[in-house]
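Here the structure is laid out as structure tokens; the discussion comes afterwards.
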Amino acid sequence: RLPEFKQALPVLDTLIEGGYEAYFVGGSVRDALLGLDLNDVDIATSAQPEEVKALFKKTVDVGIDHGTVMVLQGGTSYEITTFRTESTYQDHRRPDSVHFVRSLEEDLKRRDFTINALALDRNGAVTDLFDGIQDLEDGLIRAVGQAEERFNEDALRMMRAVRFAGQLGFEIAQDTKAAIKKHRQLLEEIAVERIQVEWVKLLTGQDRQKGVKAMIETKLYDYCPLLSNKKAALTYLVANPHSLDSDRQAWALLLYYVRYIQPKGYQEDINTFLRTWKTSKAMVDQTEILVEGLEDRKNGKSLDPYAIYQQGLDLSLDIETLLEVLGQEGKQAEVKETYQKLAIHSSSDLDLTGYDLMEAYGRKPGPWLGSALNQAEKAVVRGDWPNDKDQLLQHLKDYAIEDEKQD
Ligand code: ATP
Ligand code: MG
């Protein structure tokens with residue numbers, strides 16, 4: 001019995017002692033049976049949300065309309081969801097209303113794939129209505145019930161299918177795959193943010209090759225933002241066996257391949273691409289640094305202290321990791337050493353300010369300030385000039401002379 005479940009047993013037992021049914025469900029049961037690390041332990045119960053709240057001291061309403069209450073116990077939070085069915089699917093998206101039901105069977109029926117429709121009771125007995133355990137053994141992702149119907153109800157499930165292929169290294173069952181191929185266009189109805197979540201999980205999955213291959217085979221990529229004309233780049237992703245350990249590395253490798261096969265001067269704009277995928281601003285900034293840094297290194301540019309300074313240590317190391325993913329030698333140790341030896345690590349470490357410059361040269365503020373400071377920063381980082389105010393002012397004295405000429 002896994003510690004995560006053991007720790008959560010008191011939560012199940014409280015529900016059971018309250019007179020309700022309660023089970024572990026969803027990804028945690030699937031992952032436990034596969035011997036993988038667990039994310040969060042989800043619980044399903046016959047108790048309605050208000051009934052759940054009455055049984056526990058600390059609860060948070062995280063999705064009460066959908067029947068989900070978060071319970072805080074022993075420093076961990078658990079999502080407890082009332083058995084439910086979903087109905088009135090509009091526009092092939094999430095249902096706008098859910099019906100609470102008292103039977104586990106009904107709840108398991110509305111789940112997406114057989115491997116996600118397993119329930120584990122407090123004694124370790126598994127409820128497996130759709131041969132999910134067999135599919136786990138066979139490594140198959142199979143829709144619960146009629147695949148076409150299920151994707152019609154909620155088109156995100158098609159993205160989830162390929163995502164699980166990439167995470168678990170599973171094949172998608174024949175009928176399920178055929179249904180994705182047939183209904184792929186329904187993905188247009190799904191919010192980009194939700195597609196993005198699954199896409200990133202696929203790209204960072206242990207078996208990305210399988211996931212992307214399934215995307216290509218089903219042509220699901222046709223309806224993902226900006227991917228419809230990127231089959232060649234995706235094919236590179238399939239050919240590359242290295243797995244990636246962060247979201248930004250995943251975006252960077254994808255964009256590297258996308259740009260790699262495009263003619264110079266007509267390459268995908270990283271900012272536009274990621275904005276369309278609705279990633280965060282921070283993700284855009286970091287990915288830009290990674291892709292541009294990687295392109296430079298791939299084109300033979302050697303390690304440059306100023307580039308490492310600007311990128312920061314973490315992103316500079318990521319660039320070397322990505323070089324290795326592309327089959328080249330990464331120079332992580334050298335990057336670390338270079339970074340540690342930098343005279344300054346940010347512009348605030350510079351022993352010179354704009355005020356120093358204005359005072360020393362008797363000049364008004366203007367564009368000259370920025371360029372003088374920038375010149376000092378670069379020279380100090382490269383080790384050409386010492387980080388010393390007086391010496392920096394001496395090196396920059398041309399800026400003083402120039403102003404006198406203008407006056
Ligand atoms: P992860 O390990 O990434 O959390 P998960 O399977 O737990 O994977 P969740 O999104 O946390 O995925 O969903 C929990 C469970 O809810 C799933 O295992 C599945 O049973 C059900 N589920 C989630 N999304 C859908 C959906 N779109 N349609 C049907 N059932 C779903
Ligand atoms: Mg989950």
Side-chain angles (χ1 to χ4, degrees), residues 2 4-5 8 23-45 62-63 66-68 70 76-96 98-99 101 104-120 126-130 132-133 135-136 141-170 176 179-180 183 186-187 189-191 193-207 211 220 247:
L2 289 157
E4 287 90 343
F5 288 134
Y23 302 86
F24 297 121
V25 288
S28 59
V29 178
R30 174 197 70 224
D31 291 346
L33 290 169
L34 286 171
L36 301 173
D37 292 339
L38 303 193
N39 295 325
D40 26 47
V41 169
D42 292 326
I43 293 168
T45 182
V62 285
H66 292 94
T68 305
M70 195 203 280
T76 311
S77 62
Y78 300 96
E79 289 206 340
I80 302 187
T81 305
T82 304
F83 294 156
R84 63 182 205 215
T85 59
E86 299 174 343
S87 59
T88 57
Y89 295 88
Q90 285 188 353
D91 308 331
H92 318 286
R93 279 179 246 168
R94 266 183 182 162
D96 24 39
V98 303
H99 292 284
V101 292
L104 173 67
E105 282 75 14
E106 286 295 308
D107 183 81
L108 294 179
K109 256 196 243 170
R110 60 107 183 153
R111 294 177 181 271
D112 49 6
F113 304 109
T114 62
I115 58 170
N116 289 343
L118 300 165
L120 182 67
V126 178
T127 302
D128 176 13
L129 302 176
F130 313 103
I133 291 180
D135 286 339
L136 272 182
I141 296 154
R142 185 195 308 280
V144 169
Q146 292 293 316
E148 289 197 31
E149 202 176 297
R150 304 311 307 284
F151 296 143
N152 243 305
E153 289 170 357
D154 178 357
L156 184 71
R157 290 172 186 154
M158 298 187 288
M159 260 327 271
R160 285 174 60 87
V162 294
R163 181 261 276 205
F164 286 119
Q167 274 189 325
L168 304 172
F170 281 23
T176 302
I180 297 176
H183 292 287
L186 295 178
L187 199 60
E189 308 294 330
I190 302 296
E193 290 88 340
R194 300 181 68 211
I195 300 176
Q196 190 224 117
V197 169
E198 305 301 331
W199 179 229
V200 168
K201 284 185 178 176
L202 188 170
L203 289 177
T204 54
Q206 283 310 297
D207 226 316
L220 193 57
D247 297 4

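For ligands, and for the atoms within them, numbers begin at 1 and follow the listed sequence. Owing to the predicted nature of the structure, the values given are computational and were not obtained by experimental measurement.
Judged by distance alone, the side chain of Arg157 and the main-chain N or O of Arg150 form a donor-acceptor pair under 3.5 Å. Looking at Arg111, its side chain never comes within 3.5 Å of a backbone N or O of Val144 through a donor-acceptor pair. Side-chain N or O atoms of Thr176 include none that pairs as donor or acceptor with a backbone N or O of Ala147 at under 3.5 Å. Using modelled atom types, no side-chain atom of Asp135 and backbone atom of Thr114 make a donor-acceptor pair closer than 3.5 Å.
If you number the atoms of ligand 1 from 1 as listed, the ones under 4.0 Å from a heavy atom of Arg110 come out as 29 (C), 30 (N). Within the listing of ligand 1, atoms 3 (O) sit less than 4.0 angstrom from a heavy atom of Lys201. Atoms of ligand 1 found under 4.0 Å from any heavy atom of Gly26, numbered from 1 in the order shown, are 18 (O).
Closest approach of Leu186 to Ala155, counting heavy atoms only: O-CB, 3.5 Å. Nearest heavy-atom pair across His92 and Asn152 is ND1-O, 2.8 Å. For Ile141 against Ala161, the heavy-atom pair with the smallest separation is CD1-O, 3.5 Å. Of all the heavy atoms in Gly132 and Asp128, the pair that sits closest is N-OD1, 2.6 Å.
For atom 28 (N) of ligand 1, the closest non-hydrogen atom of the protein is Arg157 NE, 2.7 Å. In this structure, the protein non-hydrogen atom closest to atom 3 (O) of ligand 1 is Arg163 NH1, 2.8 Å. When hydrogens are left out, the protein atom nearest atom 11 (O) of ligand 1 is Asp42 OD2, 4.3 Å; that is the closest non-hydrogen contact. In terms of protein heavy-atom proximity, atom 15 (C) of ligand 1 is closest to Arg111 NH1, 3.6 Å. From the protein, the heavy atom lying nearest to atom 8 (O) of ligand 1 is Arg30 NH2, 3.4 Å.
Take Asp207 and apply the salt bridge (charged side-chain N to carboxylate O under 4.0 Å, His left out) test, not counting sequence neighbours, and it matches no residue. Applying the salt bridge (charged side-chain N to carboxylate O under 4.0 Å, His left out) criterion to Glu106, with sequence neighbours excluded, gives Lys109.
Using a 4.0 angstrom heavy-atom cutoff, Phe164 counts as in contact with ligand 1. Not a single heavy atom of Glu153 sits less than 4.0 Å from an atom of ligand 1. Residue Arg150 places no heavy atom under 4.0 Å from ligand 1. For the ligand labelled ligand 1, residue Glu86 lies outside the 4.0 Å heavy-atom shell. Within the structure, the closest approach of Asp154 to ligand 1 falls below 4.0 Å when heavy atoms are considered.
A perpendicular orientation is assigned to the rings of Phe164 and Phe113, their planes being inclined by more than 60° (bins at 30° and 60°).
On a distance-only criterion, Asn39 and ligand 1 share at least one N/O pair closer than 3.5 Å. Any N or O atom pair closer than 3.5 Å counts here, and Asp40 shares no such pair with ligand 1. Checking only distances, Ala117 never comes within under 3.5 Å of ligand 1, N or O to N or O. For ligand 1, the polar-atom distance check against Ser28 finds no nitrogen or oxygen pair separated by under 3.5 Å.
Environment of CD in Gln146: sparse, with no more than 12 heavy atoms of neighbouring residues, nucleotides or ligands closer than 6.0 Å.
The residue among Arg194, Lys109, Met159, Arg160 with a heavy atom at the shortest distance from atom 12 (O) of ligand 1 is Arg160.
Heavy atoms from both the backbone and the side chain of Asp112 come within less than 4.0 Å of ligand 1.
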